[in-house]
Structure formats: C-alpha cells, structure tokens
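Submitted below is the structure of interest, expressed as structure tokens.
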Amino acid sequence: MLKPEQQIINLLTTSQNILITFSRSWTGDSVPSALALFLFLKNLDKNVEIIVDLSNQSQTFSFLPGYSEIKSSDESWRSFIITLSLDNALISKLNYKIIDDKVNFYITTKNGNCSAKDISSSYSDYKYDVAVVLNTPDLESLGSVYTGNIDFFFKTPIINIDCHPNNESFGQINFVDLTAVSTCETLHTIIQSHENNKINKEIATCLLAGMISETRSFKTSNITPKSLSVASQLMSYGAKLDEIVNKLYKSRNINILKLWGRVLAGLSSNTAGNLVWSSLKLSDFVETQANPVDLNEVVAELIINTPEAKVVFIFYEISENGEVVCEVLAYSTRNIDLLKLIDRFSPVGDSNLARFKTKTSIEETQQDVLSHVEARLPALLY
C-alpha cells in the first residue's frame with residue numbers, strides 16, 4: 001500500500017484544477033504552507049487557487065512570494081445551466097438583459113416556436129477536482145469557505161495535511177505528522193516524495209518561513225533532529241533566511257510595538273504561573289493606531305518567553321455596531337486543547353488559538369473567564 005505522501009502526490013498529479021484552503025483563524029504556518037504548495041503545483045502546470053475566509057486575515061507573511069494570490073470566495077464554484085431543447089425550433093438570435101435584479105433571456109427562433117416544456121435547468125460539475133486543506137483541525141474551522149460550499153466538500157476528494165493531534169482526519173487522504181514541528185515540515189515530506197522534487201528558492205523560502213514561525217526561530221521544545229535537517233536542506237535550496245528573520249522578528253511596525261508595550265505593562269499571572277493574561281481598552285488601540293489582529297504575535301511571544309505559561313488570554317474592547325464589546329484572544333501550548341478548556345464561551349478557532357466575544361464588560365468577562373479556566377486547567381495539564 002502506498003504511503004500517504006505518495007497517495008497525495010498521485011492525486012495531485014492526476015488532478016488539473018486544485019483548491020487550497022486553510023483555517024479562518026490564520027494560525028501557525030497556514031499561509032506559508034499554502035503558498036509553498038501553490039507554487040509547487042504551479043510548477044507542475046496545474047490550475048490552482050488559494051481560497052480562504054479573510055475575516056481574520058494577517059499580513060505577517062505578506063512578504064512571501066504568491067501572497068497576493070490568496071483570495072476569498074466571491075463567486076460560485078459551479079455554473080447554473082439553463083438548457084433549451086431544439087426539438088421544436090432553431091435559434092436565430094440570443095441575448096439577455098438585466099431588469100430589476102432579474103435576468104431576461106430573449107430568444108428568437110426560426111422554423112418553429114419554443115415553450116416552457118423545452119426549458120430545463122441543472123448545475124455543472126464543481127470547478128475544482130480536489131481540495132487540499134492545510135493546518136486545519138476540522139472542516140468547520142474553514143469558516144465561510146466551508147459553510148458556503150458544504151455540498152462541494154461532501155462530494156469532492158479532500159487531502160488533509162497537518163501536524164496537530166486535534167486533527168479530525170476528515171479527508172479522503174490524511175497526512176497528519178505529529179512528529180513534525182509545523183505543517184510546512186509535513187508538506188516538505190510530501191514534495192520530497194515527488195519524482196522530480198521541484199523545490200526552488202521561492203518554495204524553500206515559504207517552507208522555511210513556516211518552520212521558523214511555528215518554532216519561534218527554533219526556540220520551542222519540540223525541535224527534532226529531522227526539523228533541523230529539513231531547515232538545512234531548505235537553505236541549500238536557496239531559502240532566504242535573512243529576509244524571513246528580518247520580516248518576522250526585526251521589522252516590527254512602531255504602532256504594533258506600542259500595543260505590545262501596553263499588553264506587557266498590564267501582564268498578570270496566577271500563582272502557579274501557568275495562566276497569564278492582560279487587558280486592553282478601546283483607547284489603547286486608538287492611541288497606538290494598532291489593530292486587534294496585531295495581538296496574535298504577542299501572545300505567541302509570551303508563550304515562548306514565559307516557559308511556565310500554558311495558556312495566555314488577552315481581553316480587549318472593540319467597537320461593534322456603535323457599541324463597545326469585549327473580545328477575548330486565547331492561546332495555549334501544543335498539548336492543551338484550548339477549545340475544550342473554554343467551550344462554555346463558544347470560541348472560534350482551533351485547539352491552540354481561538355477568539356470569542358461576550359456581552360458583559362471587560363472587567364466582568366475577565367473575572368468570569370479566569371475563574372472558569374483556573375478551575376478546569378489542572379485537569380488538562382499533562
């Protein structure tokens with residue numbers, strides 16, 4: 001029996017129209033792995049698109065080649081077909097006009113007339129032969145890409161590539177490598193199994209960027225000799241290490257740094273130190289000219305620089321429909337199922353990074369969430 005990586009290569013090789021997508025939370029190395037696969041398939045002369053939910057779009061990896069190819073789904077993935085039988089007449093002229101949100105088709109016939117019984121409708125096949133889902137625990141985590149196209153994901157072969165233990169193996173082909181430090185490392189194994197091994201410097205740069213991001217520049221505890229070997233190979237292919245490190249860690253926007261400073265100034269922890277949190281008022285975003293999406297990086301940095309911390313919460317105010325509401329960003333280490341920990345609050349995201357909103361004030365929300373988490377966290381630590 002073929003290994004999963006070879007099954008994936010075989011399916012991608014025999015498919016011509018390929019969809020790449022990933023979680024709406026834009027966590028981890030979703031973007032660089034998607035871009036690496038996109039570039040690889042383009043080199044194989046495939047028709048490939050990256051379609052994702054843009055509601056939490058991050059610009060962290062905007063420096064990578066192909067980033068501008070990431071799009072939202074703004075059109076149907078199959079065509080609606082209107083069929084006119086020509087048994088009773090031939091067409092001499094056909095045009096259409098849009099009137100009051102309706103399309104009128106004007107058909108001029110010869111040698112007879114058409115009637116309603118000559119007209120039927122149907123749908124074409126979907127425009128994609130296969131879907132590749134990267135770094136995503138389940139299909140629901142795709143957000144609008146899934147909810148707007150459920151039938152597509154039910155009828156189309158799915159290749160599921162990940163490295164996290166909470167993955168639900170929802171694909172027809174599942175390659176979830178729990179020994180890999182990132183989905184990019186998993187993807188590298190797949191590409192390497194291709195007979196021509198078409199890794200150029202652009203693909204190598206994307207793969208290495210994902211590995212560096214996921215390991216915080218190889219500082220996490222799950223680094224393996226294989227990870228370091230893969231990174232070395234990618235650099236030999238021309239991966240731009242200096243550019244990656246500079247873009248990810250040495251060129252922070254001053255407004256983001258100001259926001260981070262306010263997060264750090266308000267940092268608190270429980271007695272054990274495994275629960276860390278901070279809070280921000282709406283005025284903090286106004287005064288620093290930063291955005292909530294900029295908080296993703298700071299919570300990841302907190303996890304790395306406070307080894308005893310297992311869960312980080314950022315409570316912050318946002319303006320929504322003219323009202324100030326509280327949103328919560330939560331981040332956990334790899335071995336804690338965050339969604340299970342905070343399931344009472346109906347979070348959106350995955351097991352390591354999630355968000356949710358509350359209808360109570362930031363002070364009440366913080367007190368409620370922290371007491372709930374402190375009570376449940378010990379049972380999830382192992």
Problem set entry | Ion pair check, Arg376 and Asp343, cut-off under 4.0 Å | yes
Worksheet item: Do the non-hydrogen side-chain atoms of Phe61 and Lys247 ever get within less than 4.5 Å of each other?
Response: no
**Message:** Would Asn270 and Asn274 count as a side-chain hydrogen bond (donor to acceptor under 3.5 Å, both in side chains) here? Give the steps.
**Reply:** CA-CA 7 Å; Asn270 63 353; Asn274 54 23; 2.8 Å; yes
Under a 3.5 Å cutoff, is there a donor and acceptor pairing between the side chains of Asn167 and Asn160? yes
**Prompt:** Charged N to carboxylate O under 4.0 angstrom, Glu243 versus Lys201?
**Reply:** no
*Side-chain contact test, heavy atoms from C-beta onward, threshold under 4.5 Å: evaluate it for Phe285 versus Tyr316 and give yes or no.*
yes
In terms of heavy-atom contacts, Lys127 and Asn17 come closest through O-CB, 3.1 Å
Margin query: Looking at Trp26, is its backbone amide N or carbonyl O close enough to the side chain of Ser30 to form a donor-acceptor pair, meaning the two atoms are under 3.5 Å apart?
Written below: no
Taking every heavy atom of His164 against every heavy atom of Leu178, the minimum-distance pair comes out as C-CD2, 3.6 Å
Practice task
Give a yes or no answer on whether the side chain of Asp29 reaches the backbone of Cys184 with a donor-acceptor pair at less than 3.5 Å.
Solution key: yes
Report task. Evaluate the criterion side-chain hydrogen bond (donor to acceptor under 3.5 Å, both in side chains) for residue pair Thr13 and Asn10; output intermediate values, then yes/no. Result -> CA-CA 5 Å; Thr13 301; Asn10 289 351; 5.5 Å; no
Q. Would a 4.5 Å heavy-atom cut-off, applied to side chains only, mark Glu320 and Lys357 as touching?
A. yes
- Evaluate side-chain hydrogen bond (donor to acceptor under 3.5 Å, both in side chains) for Tyr126 paired with Asp151, printing each intermediate quantity in order. CA-CA 10 Å; Tyr126 285 102; Asp151 190 58; 2.9 Å; yes
Only one of Thr183, Val181, Leu187 passes side chain to side chain contact (heavy atoms under 4.5 Å, CB included) with Glu185, and that residue is Val181
Residues pairing under side chain to side chain donor-acceptor pair (under 3.5 Å) where one sits in residues 94-106, two or more places apart or in two chains, turn out to be none
- Task: Answer yes or no: is there a side-chain heavy-atom contact under 4.5 Å between Thr189 and Phe175?
- Result: yes
Exercise. Please determine if Lys117 and Asp87 form a salt bridge, counting it only when a charged side-chain N lies under 4.0 Å from a carboxylate O.
Key: no
- [ ] Could you walk me through whether Ser144 and Thr147 pass side-chain hydrogen bond (donor to acceptor under 3.5 Å, both in side chains), step by step?
- [x] CA-CA 5 Å; Ser144 61; Thr147 57; 5.5 Å; no
Q | Validation row: Val145, Arg24 side chains within 4.5 angstrom (heavy atoms) | A | no
More than 12 non-hydrogen atoms from neighbouring residues, nucleotides or ligands closer than 6.0 Å to CD on Gln367, yes or no? no
Side-chain donor-acceptor contact under 3.5 Å, Thr360 with Thr365:
yes
Between Thr205 and Lys240, the two heavy atoms sitting closest are OG1-N, 3.1 Å
Nearest heavy-atom approach of Leu35 to Cys206 is CB-SG, 3.8 Å
Tightest non-hydrogen contact, residues Leu338 and Ala330, listed as CD2-O, 3.3 Å
* Given side chains that start at C-beta, do those of Leu370 and Trp277 come closer than 4.5 Å, heavy atoms only? -> yes
Are Ile158 and Leu139 packed together at the side-chain level, in the sense that at least one heavy-atom pair is separated by less than 4.5 angstrom? yes
